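Structure first, then comments.
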2 protein chains.
Amino acid sequence: MTQKEETMLEDYLPFFEELSETDKEQIRSHTRLMHAEKGEMIHKGNEDCLGFLIVKKGQFRSYIISEEGKEITVYRLFERDMCLFAASCIFRNIDFDIWMEAKEESDYWVIDPGVYGKLMETSLPVMKYTNDLMASRFSDVMWTMEQILSKSMDKRLAAFLMEEAENEGAEEITLTHEMAARELGTAREVISRMMKYFQQEGFVAASRGKVRILDKNALYELAEGSLR
Amino acid sequence: MTQKEETMLEDYLPFFEELSETDKEQIRSHTRLMHAEKGEMIHKGNEDCLGFLIVKKGQFRSYIISEEGKEITVYRLFERDMCLFAASCIFRNIDFDIWMEAKEESDYWVIDPGVYGKLMETSLPVMKYTNDLMASRFSDVMWTMEQILSKSMDKRLAAFLMEEAENEGAEEITLTHEMAARELGTAREVISRMMKYFQQEGFVAASRGKVRILDKNALYELAEGSLR
DNA sequence: CACTTTCCGTAACAAAGTCACAAACCCGGT
DNA sequence: ACCGGGTTTGTGACTTTGTTACGGAAAGTG
């Protein structure tokens, strides 16, 4: 790892300055900078215990998956976001499996779970930060839960399309019906039907694997209350 | 608060022995023993900041509620369980509203949120315990999410009925269709339809506000994979 | 008992999920 | 350019779940 990268890692960790010099060194020497291609899975349920994760560049989606293979995204990670659940082995009370996939080409740091765990057990600022992070993800999941509970699929899809356009910084987004279904925890056919409706109404134009947003306002009105 | 109650509170808090004498005294003097009648709501979304909660006796359900009034239970609290979310004001990253209701006549302690918050900020064991607790509730919620995502309503209802029977320690449980619907996040009519089916199949016998389990094995088979 | 409230049953319809299959599209190889 | 195989989308038929709108039965109250 180069000096430049080290410096940046420190910037990304809010508690870094509060650590002792030995702890800082521990982190520096047990952090890997990694790279993921678009679509690459970096964490698969309980198959591994990767470590504490910091997004340097790019975007990830965290999702759960049922035995039958049905997926739903529970939260997203963007630049500077961090996640504990790829290191669930260091938390004895966590017994769910989460999957993580790069939404685009991404760079991320991984702090060794053993090192982070030990640090957490001995440093109040780190433990506090960990707690804040957990609370933050908790809120994400609760938000998702509320959406599932109370919003109809057309509203959720409209919100999702707007977010994707926002993320990509373009009117046209790269997205198959299958992908949207996985995000929202529904079936591909349901998305197809709604896309057909959205097209008929002139909200979007679609071609294979692409969706172009035509009427932002109409989608916005539909999505009302489902936007973060 | 009598000597006897104080002694018991200490038994319920795993980190108590690790505290300084002044911190112990802080907790002792800022904890109230409270009582709730069956059906009583002890926490309503963001209306209050009750404090850190410890169940002494009884049972609570924590649920979320949509704008339209649709509810779903996200986790339960039993004897010795604790909960942070009635003190969400001390966590800046928590921005969801949770409601809590006594499922039966219950006794519980409430530690003042300010005192708990301060203690947490200064004591590593308390912060660690808080973190464990958060992780534990997180797991509960993720479990609920998976159920919603992948289990059909009949399986979820079967599982719920068996749990209720387990909790009450009896074959006959006190439960209206409305109550079951609120637990599972569905509509009363859906429960009615399924109860009718369960009765026709001879799984249960029902009368107004009561359900008696007749065929435990059949329900168990249905519920397979939806039992905690 | 009459009256009110709560609980349950049900029909009719809408939304969403499942299953099955076919058509359209894209890409690489010839 | 054409062919072939994989991927993506379209669609119909059907099931399950959610919604709306009732009415009636059961329990509680004065």
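Every chain is numbered from 1, with letters handed out A, B, ... down the list of sequences. Computed from a predicted model, the values in this text were never measured in an experiment.
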Check: Short question: side chain of His177(B), backbone of Met179(B) - any donor-acceptor pair under 3.5 Å?
Finding: no

Notebook entry, point to check: Would the Phe138(B) and Phe85(A) ring centres measure less than 6.0 Å apart?
Noted result: yes

Next item on the list: Could you please name the option among dG17(C), dT17(D), dG18(D) that lies closest to any side-chain atom of Thr186(A)?
Entry: dG17(C)

Checklist line | Between P of dT15(D) and CZ of Arg193(B), the distance in whole Å | finding: 14 Å

Notebook entry, point to check: Can you tell me how far P of dG18(D) sits from CD1 of Ile148(A), to the nearest Å?
Noted result: 13 Å

Checklist line | Atom pair distance, as rounded to whole Å: CG in Leu149(A) and P in dA16(C) | finding: 14 Å

Next item on the list: Examine Arg137(A) relative to Tyr75(A) and say whether NZ or CZ is less than 6.0 Å from the centre of the six-membered ring and inside a 45° cone about the ring axis.
Entry: yes

Next item on the list: Between dG18(D), dA16(C), dG10(D), spot the one nearest the side chain of Met194(A), thanks.
Entry: dA16(C)

Checklist line | Between dT15(D) (C1') and Asp154(B) (CG): distance, integer Å | finding: 12 Å

Next item on the list: Go through residues 173-185 of chain A and report each residue with a non-hydrogen atom lying under 4.0 Å from DNA chain C, sorted by number.
Entry: none

Next item on the list: Classify the ring geometry between Phe203(B) and Tyr197(B) as parallel (under 30°), tilted (30 to 60°) or perpendicular (over 60°).
Entry: perpendicular

Check: Between atom CD in Gln199(A) and atom P in dG10(D), what is the gap in whole Å?
Finding: 6 Å

Checklist line | side chain to side chain contact (heavy atoms under 4.5 Å, CB included) partner of Val211(A), chosen from Thr176(A), Ile173(A), Thr174(A) | finding: Ile173(A)

Notebook entry, point to check: What one-letter contact string describes nucleotides 20-25 of chain C from 5' to 3', where B marks a base within less than 4.0 Å of any protein heavy atom, S marks contact via sugar-phosphate atoms alone, and - marks no contact?
Noted result: B---BB

Next item on the list: Between Val190(B) and Lys210(A), name the one whose nearest nucleotide on DNA chain D is closer to the 5' end.
Entry: Lys210(A)

Note to self: Expressed as a whole number of angstroms, how long is the span from Gln200(B):CD to dG9(C):P?
What the structure shows: 11 Å

Notebook entry, point to check: Are Trp109(A) and Tyr12(A) an aromatic pair by the rule of ring centers under 6.0 Å?
Noted result: yes

Margin query: If the threshold is 4.0 Å, N to carboxylate O, is there a salt bridge linking Glu183(B) and Arg156(B)?
Written below: no

Note to self: Using every non-hydrogen atom in the two residues, find where Leu222(A) and Ala158(A) come nearest and quote the distance to one decimal.
What the structure shows: CB-CB, 3.9 Å

Notebook entry, point to check: Over how many whole Å does the gap from Met153(A) atom CE to dT17(D) atom P extend?
Noted result: 17 Å

Next item on the list: Round to the nearest Å and state the distance from Lys196(A) atom NZ to dA16(C) atom P.
Entry: 16 Å

Note to self: Between Phe78(A) and Phe60(A) (judged by ring centroids, cut-off 6.0 Å), do the two rings come close enough to count as a pair?
What the structure shows: no

